[in-house]
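Okay, structure first, notes after.
Note that these values count all heavy atoms, side chains included, but never hydrogens, waters or copies made by symmetry.
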Amino acid sequence: QLDDSLCTNLFMVQKHLERFHLSLEKLQEVSARLEEDMIRGLGKHTHHRAPVKMLPSFVRATPDGTEKGDFLALDLGGTNFRVLHVRVLEEEQKMLKMDSQICTIPQEIMLGTGEQLFSHIASCLGDFLECQNLKEQILPLGFTFSFPCEQKEIDKSFLIRWTKGFNCSGVEGKDVVKLLREAIHKRGDYDLGSVAMVNDTVGTMMSCGYKDQSCEIGMIIGTGTNACYMEEMKNVERVEGEEGRMCINTEWGGFGDDGSLKDIQTEFDVVVDKTSINPGVHIFEKMISGMYLGEIVRLLLVRLTQDELLFKGQTSEALLSAGRFETKFISDIEETDSGVENTQNILTELGLKWDQVDVHVVHLVCDTISSRSAHLCAAALATVANRIRVNRGLDHLKTTVGVDGTVYRKHPYFSKKLQATVRLLAPDCDITFLVSEDGSGKGAAMVTAVSQRLTCMLG
């Protein structure tokens, strides 16, 4: 009897899930559209209108293994920031995190003046150097500042706008490196060497690049999503110079902001976008990243319940509340051994009365949404890998992707599905995946180390 009701139910459920299944041809189309957008983003006269921003990072090389010395890293991306001391040992080919400290940023500073914020950062950095007996040394600093910035040089970066609950006056439109240096100078008890501004995807690529010198792509698929890669300088029209390469921060989360993904957006994606804090922005990110996957599943479960295909048509207050179905539930539900039990516990916790058919259907919904995320992410990554191969006139490219983010790390099947799909979409690219160890810390220090090595070579 379970089998009969299951078959009827599943047939009806599949009708709802069809829109989320993307054929290989459709994924190839998505990939081709992203390629067009990347070209627009690189163009001198087209970049300001491009949804995929393709920001120059001014990082002009990946590690070659000869980097060495002591570096500081400062990672500011939320209500806490970290200060790290990193030592790079050339003879042992390794990066050691000597020590680190986490400092909180009180609410009143997040909403105060820029001067207060940078004075607070300079003071925490000073305390850290004091503890480490490093105050007398003038060390280079890698600065991961995870807010939208326009970078003009490796050590010049202008804040476009605050996000993540920050609203410090007098910082938007200003060079954040200059503000930090001014705050340190005002104290007068220590100084910094060169500063390199680092986006977190670039840090991810660089932290992996020290271990594997063929790492030329960085990708994050966690709360949000983004990627960077080494582009030929002659294609980076916004920056002077034709020789060599530069790492480009694609900001691919904005893919689709001009409506180019309307044909694959479902009604559920549209609701997720409309009810988000930034409607119309970061459409691609909203279809694939951790901040939104749970909500897409929740909306689908509500619809299936309303159509009496789940829970005998009975919803619950929790199921009807935005944000209550967490993305981590998807990983728990899809676990190989404990998935069924996890599903039962989650549904009970959400106040739902379930039977075994419901448990099966919920698993199917989660699998559909996480698979679409992996497939779309693969299409975007294949675009980047294929572009590097064609740029270099190669029949076959062998490269490594440095990866980070909770969706990639924590979901039981995401990485396997992503890798299998990339192989289909970029058959002439042999891609190795390396999970990043602390991209915004060690990776930021490595950007500084490489930048220093290049300066010495030129000097």
Within 6.0 angstrom of Lys211 NZ, more than 12 heavy atoms from elsewhere
yes

Any side-chain donor near an acceptor of the partner, Ser57 and Gln151, under 3.5 Å:
no

Donor-acceptor check, side chain of His375 to backbone of Ser371, threshold 3.5 angstrom: yes or no?
yes

Is a salt bridge present between Lys417 and Asp367, judged by a nitrogen-to-oxygen distance below 4.0 Å?
yes

If only atom types and distance count, is the side chain of Arg33 paired as donor or acceptor with the main-chain N or O of Leu261 below 3.5 Å?
no

Has Gln116 got a side-chain atom pairing as donor or acceptor with Thr113's backbone, closer than 3.5 angstrom?
yes

For Ile220, is there any backbone N or O sitting under 3.5 Å from a side-chain donor or acceptor partner on Thr225?
yes

Quiz question: by atom type and distance under 3.5 Å, do the side chains of Thr399 and Ser214 form a donor-acceptor pair?
no

Quick check: closest heavy atoms across Ser440 and Asp75, and the distance to 0.1 Å?
OG-OD2, 3.0 Å

For the pair Asp358 and Lys312, evaluate salt bridge (charged side-chain N to carboxylate O under 4.0 Å, His left out) and give the outcome as yes or no after the intermediate values.
CA-CA 9 Å; Asp358 294 330; Lys312 301 195 168 51; 5.6 Å; no

More than 12 heavy atoms of other residues, nucleotides or ligands under 6.0 Å from CZ of Arg161: is that the case?
no

Looking at Glu29 and Lys26, is any side-chain nitrogen of the basic one under 4.0 Å from a carboxylate oxygen of the acidic one?
yes

Return yes if some donor-acceptor pair links the side-chain N/O of Glu231 with the main-chain N/O of Met246 below 3.5 Å, else return no.
no

Would you call Glu35 and Arg387 a salt bridge, taking side-chain N to carboxylate O under 4.0 Å as the test?
yes

Taking Glu237 for the side chain and Lys44 for the main chain, is one N or O donor matched with an acceptor at less than 3.5 Å?
yes

Do NZ/NE/NH1/NH2 and the carboxylate oxygens of Arg245 and Glu232 come within less than 4.0 Å?
yes

Is the shortest distance from a Lys or Arg side-chain nitrogen in Arg82 or Asp438 to a carboxylate oxygen in the other one below 4.0 Å?
yes

Mark yes or no for whether Glu150, through its side chain, and Phe158, through its backbone, hold a donor-acceptor pair below 3.5 Å.
no

Assess whether a salt bridge exists between Lys156 and Asp175, defined as any Lys/Arg side-chain N lying under 4.0 Å from an Asp/Glu carboxylate O.
no

Would you check if there is a donor-acceptor pair between the side chains of Lys286 and Asn278 at a distance under 3.5 Å?
yes

Judged by atom type as modelled, is there a donor-acceptor pair below 3.5 Å linking the side chain of Thr104 to the main-chain atoms of Pro106?
no

Would you check if the side chain of Ser207 reaches a backbone N or O of Gly443 as a donor-acceptor pair within less than 3.5 Å?
no

Could you check Val401 against Leu381 for side chain to side chain contact (heavy atoms under 4.5 Å, CB included), going step by step and ending with a plain yes or no?
CA-CA 9 Å; Val401 182; Leu381 182 59; 4.1 Å; yes

Are Trp354 and Phe311, when compared by the centres of their aromatic rings, separated by less than 6.0 Å?
no

Does Glu108 have more than 12 heavy atoms from other residues, nucleotides or ligands lying within 6.0 Å of its CD?
yes

Do Lys262 and Asp269 sit within salt-bridge range, that is, some charged N less than 4.0 Å from a carboxylate O?
no

I'd like to know if Glu267 and Arg19 make a salt bridge, using a cut-off of under 4.0 Å between side-chain N and carboxylate O.
no

Under a 3.5 Å cutoff, is there a donor and acceptor pairing between the side chains of Thr383 and Ser31?
yes

Tyr408 vs Phe433 aromatic rings, parallel, tilted or perpendicular, using cut-offs 30° and 60°?
parallel

